[in-house]
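Below is one structure, written out as structure tokens; comments come after it.
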Amino acid sequence: MPTKTVFEPFRIKSVEPIRWTTRAQREELLRAAHYNLFLLPADDVLIDLLTDSGTGAMSTHQWAAIMEGDESYAGSRSFDRFRNSVQSIFGYKHVIPTHQGRAAERILFKVMCKPGDVVPNNTHFDTTRANVESVGAEAVDLLKPEGRHPETRLPFKGNMDVDALDTLIARVGRERIPLVMLTVTNNSGGGQPVSMENARAVSAVCHKHGIPLYFDACRFAENAYFVQQREPGYADKTPRQIAQEMFALGDGCTMSAKKDGMANIGGFLCTNDDLLARQEKDLLILTEGYPTYGGLAGRDLEAIAVGLGEALEQDYLRYRIASTAYLGDHISAKGVPIVQPPGGHAIYIDAKAFLPHVPVDEFPGVALAAELYLEGGIRSVEIGSLMFGSAAQMELVRLAIPRRVYTQSHIDYVVEIILRVWERRDRIKGMRLTYEAPFLRHFTAHLEPMG
Ligand SMILES: *Cc1c(COP(=O)(O)O)cnc(C)c1O
């Protein structure tokens, strides 16, 4: 019988000290950062749950592979290893390395979309939406309605609404939809997985109309684990087999290796289409680099080649998903409203339900994130009206868990701080914007508390 305790399946060989701050210091720091946690120096953060992107700890195998990096400008053997590793999981014909996920997105949409086009997705991530819009196309989110209800406990709340996809294609016409995207897991929708059944149905609709299907594959390994655990018929398959089966339903993908690539930087773009691949490589050369390195060092390609395999290990995924659920279950047991059930890489607090007295135009998510920093030096991120403006479907505060970085006692501390803020939630005020940039404003916005 499996034990109740799931411990971190690694030993720690190298440590990074955390520097303490006082509440008075944090008050001053928060003011100086204009209440935007992106503007804080990382050294002034105690537990950094801003993102799980590029913040993971690499393994001894990855560090060893880094020494094998071949830094040749063209034809690097590190690229061969990288491509082989990617193809063994994703199976696509062309593998184009990029410096991170958004570079893959920019190239994909630039090559495939023109002004007036429409790109459906279960939910576009912020950079994905911005890259679709920057080429004059429209980004449409077609999440199944239950995915928008934080409290509903269902196994696959990242699923796309297949009927809505059919309706959209009928309404705008196949020729205006150059591709459909499916984000696994659905980051902006609470880190919720997409079922194989849903991916199969979306793929069938796309291929009936001759529309290519691309995966936004950033957390493909976590998604595969959820399929194994929750979807009938997959309990005896490995996460690798499940990932292979899912990617075979599509025509390509974009990927940030900073997530389930287990690396600190990197990404890639895959396609089965020879003509597109050629156009994509031409653009790559213009801004990212030659197609055998694409803006990465040979050592980065090595780290990703190893990391993709580690992300699919059963023991790692069991620990990963259990440790995220540990945080979610401990705060929700005390009444804190979170997106249920806990997602793969993060816990999302429902800020609208946490602060019902703060209206949406006073950014309840930003206000709550600021309080978590004040109370205990925890850095989180708002995923709501500041990030998405009027396209926001929920007001969430995301606590993203870096891979293999924090132990259970760090998370116990986070639970304690969240519960303290929960106790005094009635006295938390909303926020007002004092500066915003034209694109992706949440990264640089300035705010101040109301009143
Ligand atoms: C992180 C992320 C991206 C963008 O990747 P970067 O490496 O940050 O550029 C795209 N889509 C999803 C779902 C992501 O989580």
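The analysis underlying the following values was restricted to heavy atoms, covering all of them including side chains, and did not include hydrogens, waters or symmetry mates. All ligand and atom numbering here is 1-based and tracks the order in the structure.
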Search all heavy atoms of R299 against all heavy atoms of I66 and return the closest pair with its distance. CB-O, 3.5 Å
Using ring centroids (six-membered ring only for Trp), state whether Y293 and Y73 fall under 6.0 Å. yes
With under 30° as parallel and over 60° as perpendicular, where do the rings of F90 and F268 fit, or are they tilted in between? perpendicular
K258 neighbourhood, listing ligand 1 atoms whose heavy-atom distance to it stays under 4.0 Å: 7 (O)
Could you tell me how the ring of F82 sits relative to the ring of F79: parallel (under 30°), tilted (30 to 60°) or perpendicular (over 60°)? tilted
Tell me whether C218 reaches ligand 1 (any heavy atom closer than 4.0 angstrom to a ligand atom). yes
Validate the cation-pi geometry between K259 and F125: distance from NZ or CZ to the six-membered ring centre under 6.0 Å, angle to the ring axis within 45°. yes
Nearest atoms (heavy-atom pairs only) where Y316 meets E310: CD2-O, 3.6 Å
Check each heavy atom of R102 against ligand 1 and say whether those closer than 4.0 Å belong to the side chain, the backbone, both or neither. both
Write out the residue and atom name of the closest protein heavy atom to atom 4 (C) of ligand 1, then the distance separating them to 0.1 Å. T127 OG1, 3.4 Å
Name the residue from V86, N272, D273, L269 that meets the side chain to side chain contact (heavy atoms under 4.5 Å, CB included) definition with Y92. N272
Taking heavy atoms and a distance under 4.0 Å, where does T128 meet ligand 1: side chain, backbone, both or neither? side chain
CD1 on I177 to CD1 on I211, rounded to 0.5 Å: 5.0 Å
Out of all atoms in ligand 1, which are within 4.0 Å of some heavy atom of T183? Include the element for each. 13 (C)
I need the nearest protein heavy-atom contact for atom 1 (C) of ligand 1: residue, atom name and distance, please. K259 NZ, 1.4 Å
Min over G266, A103, A257, S256 of heavy-atom distance to atom 7 (O) of ligand 1 lands on S256
Could you tell me whether F125 and ligand 1 have an N or O pair separated by under 3.5 Å? no
How far is atom 10 (C) of ligand 1 from the closest protein heavy atom, and which atom is that? E105 OE2, 3.0 Å
Look at atom 6 (P) of ligand 1 and say which protein heavy atom is nearest, naming residue and atom and giving the distance to 0.1 Å. Q100 NE2, 3.3 Å
Residue D216 vicinity, atoms of ligand 1 by number, heavy atom under 4.0 Å: 10 (C), 11 (N), 12 (C), 13 (C)
